[in-house]
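We count ligands from 1, going down the list as the structure has it; atoms in each ligand are counted the same way.
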Amino acid sequence: MAEPAIALDDVHLSLGSGAARVHILKGVSLDISAGESVGIVGPSGSGKSTLLMVLGGLERADAGSVRVAGSELTGLGEDDLARFRGRSVGIVFQAFHLIPTMTALENVAVPLELAGAPNAFDRARAELAAVGLADRTDHYPTELSGGEQQRVAIARALAPEPALLLADEPTGNLDEDTGAPIVDLMFQACAERGMTLVIVTHDPELARRCRRTVRMRAGEVVGAESAPALVEAR
Ligand SMILES: Nc1ncnc2c1ncn2[C@@H]1O[C@H](COP(=O)(O)OP(=O)(O)OP(=O)(O)O)[C@@H](O)[C@H]1O
Ligand SMILES: [Mg+2]
């Protein structure tokens, strides 16, 4: 069998210092296949966002093994970790995180250019067209609707053609009518490009669209359901 796209083994992580130190991930083990879509669900504070940060190489596990897209992240230095992030993962956040002083085009093109990609602006234009924003490339974030801003963030995440797309409450700041096509866009892009998709969500509808749902509670994985079982359970 091919190596899983993501393999976590007994991952522990504490954050904060002194009395504020919190043991957040308490022995998380999880395998995700290449091309799979997985929804991470669970109560507020259960460690979902922290887990996503570990998968994206934005937080480093204290103990355990974190293999993502062929790299063992726990052993990487800062430079290698930055290279891993630029090459292997795209991340979409609830609050979009666009750079306010850059146009939509620059928000997508500049990170590509910094990563040394050739034709960064042409590729950025193509990615923005693919999310339906061909006529908004010169708009600044404040000149875009919330849904449009999230489309720019998705174009930016997809532009380096990463193996893995991570999304943390990607529709959390959007109403239902605006969020639904954003979700369609992410699933479609991942299917077309054979990307692995991991979505943290409170939205049961969104979780149900994933091939598998992983449930967290108090820093541990407490259950996993594949899509048919989830539907039958209702
Ligand atoms: N930098 C930090 N320092 C200390 N504690 C932290 C830090 N970041 C997160 N925590 C704590 O870790 C726990 C898990 O946080 P996390 O953001 O992963 O939860 P979550 O499951 O994503 O919750 P939500 O659904 O509300 O977004 C929380 O109790 C939070 O207060
Ligand atoms: Mg969270």
Side-chain angles (χ1 to χ4, degrees), residues 5-32 36-68 73-74 76 78 81-82 84-85 89-98 146-147 149-150 153-154 156-157 162 164-176 178-180 182-183 186-187 190 196-225 230:
I6 295 172
L8 301 186
D9 185 29
D10 200 20
V11 169
H12 287 260
L13 176 63
S14 297
L15 288 176
S17 52
R21 192 156 179 85
V22 181
H23 190 181
I24 302 173
L25 300 181
K26 300 172 184 163
V28 172
S29 297
L30 182 63
D31 281 359
I32 297 177
E36 196 179 6
S37 55
V38 172
I40 310 276
V41 301
S44 183
S46 57
K48 306 181 298 293
S49 295
T50 306
L51 178 63
L52 214 65
M53 302 283 263
V54 169
L55 294 179
L58 293 163
E59 291 287 356
R60 200 187 290 275
D62 297 326
S65 161
V66 179
R67 284 196 71 80
V68 181
L73 300 190
T74 46
L76 296 186
E78 284 307 324
L81 209 53
F84 160 82
R85 285 196 297 266
V89 292
I91 309 185
V92 176
F93 297 97
Q94 175 174 350
F96 320 137
H97 289 206
L98 300 178
Q149 290 182 58
Q150 194 60 307
I154 291 170
R156 179 180 59 184
L164 178 63
L165 183 64
L166 305 176
D168 194 350
E169 300 280 0
T171 57
N173 277 2
L174 304 173
D175 63 43
E176 214 177 302
T178 314
I182 295 284
V183 170
M186 287 194 304
F187 276 92
C190 286
T196 308
L197 176 62
V198 181
I199 300 184
V200 167
T201 184
H202 281 113
D203 176 0
E205 285 293 323
L206 174 47
R208 226 185 348 253
R209 290 191 56 174
C210 297
R211 175 121 62 92
R212 186 156 54 116
T213 302
V214 169
R215 194 169 298 279
M216 292 192 68
R217 191 181 306 134
E220 294 180 277
V221 171
V222 292
E225 301 143 85
L230 201 69

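Within a 4.0 Å radius of atom 31 (O) of ligand 1, the protein has no heavy atom. Distance check on atom 11 (C) of ligand 1: some protein heavy atom falls below the 4.0 Å cut-off.
Separation of atoms CE (M216) and NZ (K48) is listed at 8.0 Å; rounding is to 0.5 Å. Separation of atoms CE (M186) and OG1 (T171) is listed at 7.0 Å; rounding is to 0.5 Å. Here the NE2-CG distance, from H23 to D62, works out to 7.5 Å after rounding to the nearest 0.5 Å. Between the CD1 atom in I6 and the CD atom in E36 there is a gap of 9.0 Å [rounded to 0.5 Å].
Remark: ligand 1 atoms within the under-4.0 Å shell around heavy atoms of H202 are 25 (O). Listed by number with element, the atoms of ligand 1 under 4.0 angstrom from any heavy atom of P43 are 21 (O). Set against the non-hydrogen atoms of S46, the atoms of ligand 1 under 4.0 Å away are 19 (O), 21 (O). Using a 4.0 Å cut-off to heavy atoms of G16, the atoms of ligand 1 that qualify are 3 (N), 4 (C).
Among protein heavy atoms, the minimum distance from atom 23 (O) of ligand 1 is reached at G45 N, 2.8 Å. At the top of the distance list for atom 25 (O) of ligand 1, counting protein heavy atoms only, stands K48 NZ, 2.7 Å. When only non-hydrogen protein atoms are considered, atom 26 (O) of ligand 1 lies nearest to S44 OG, 2.5 Å. S49 CB, 3.7 Å is the protein heavy atom nearest to atom 17 (O) of ligand 1. I24 CD1, 3.7 Å is the protein heavy atom nearest to atom 6 (C) of ligand 1.
Checking only distances, G47 does come within under 3.5 Å of ligand 1, N or O to N or O. Ligand 1 has no N or O atom lying under 3.5 Å from any N or O atom of G42, backbone or side chain.
Inter-residue side-chain proximity for L51 and L8 is flagged as met; some heavy-atom pair is nearer than 4.5 Å. Side-chain contact check for V221 versus R215: every heavy-atom pair is 4.5 Å or farther apart.
The shortest separation from a heavy atom of M216 to ligand 1 is not under 4.0 Å, leaving the residue out of contact.
Looking at Q150, its side chain never comes within 3.5 Å of a backbone N or O of A95 through a donor-acceptor pair.
Within the set I40, V22, L15, the minimum heavy-atom distance to atom 2 (C) of ligand 1 is found for L15.
With a heavy-atom cut-off of 4.0 Å, T50 touches ligand 1 through backbone and side chain alike.
Of all non-hydrogen atoms in T74 and R60, the two that sit nearest each other are O-NH1, 3.8 Å. For the pair F187 and C210, the tightest heavy-atom approach, listed with the atom from each and the gap, is CZ-SG, 3.8 Å.
Residue S44 does not count as close to the Mg ion (ligand 2), with no N, O or S atom under 2.8 Å.
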Q: List the steps and the verdict of salt bridge (charged side-chain N to carboxylate O under 4.0 Å, His left out) for E225 and R208.
A: CA-CA 10 Å; E225 301 143 85; R208 226 185 348 253; over 6 Å; no
Q.
Under the criterion side chain to side chain contact (heavy atoms under 4.5 Å, CB included), I'd like the reasoning laid out for D168 against Q94: C-alpha separation, chi angles, the key distance, then a yes or no.
A. CA-CA 6 Å; D168 194 350; Q94 175 174 350; 5.8 Å; no
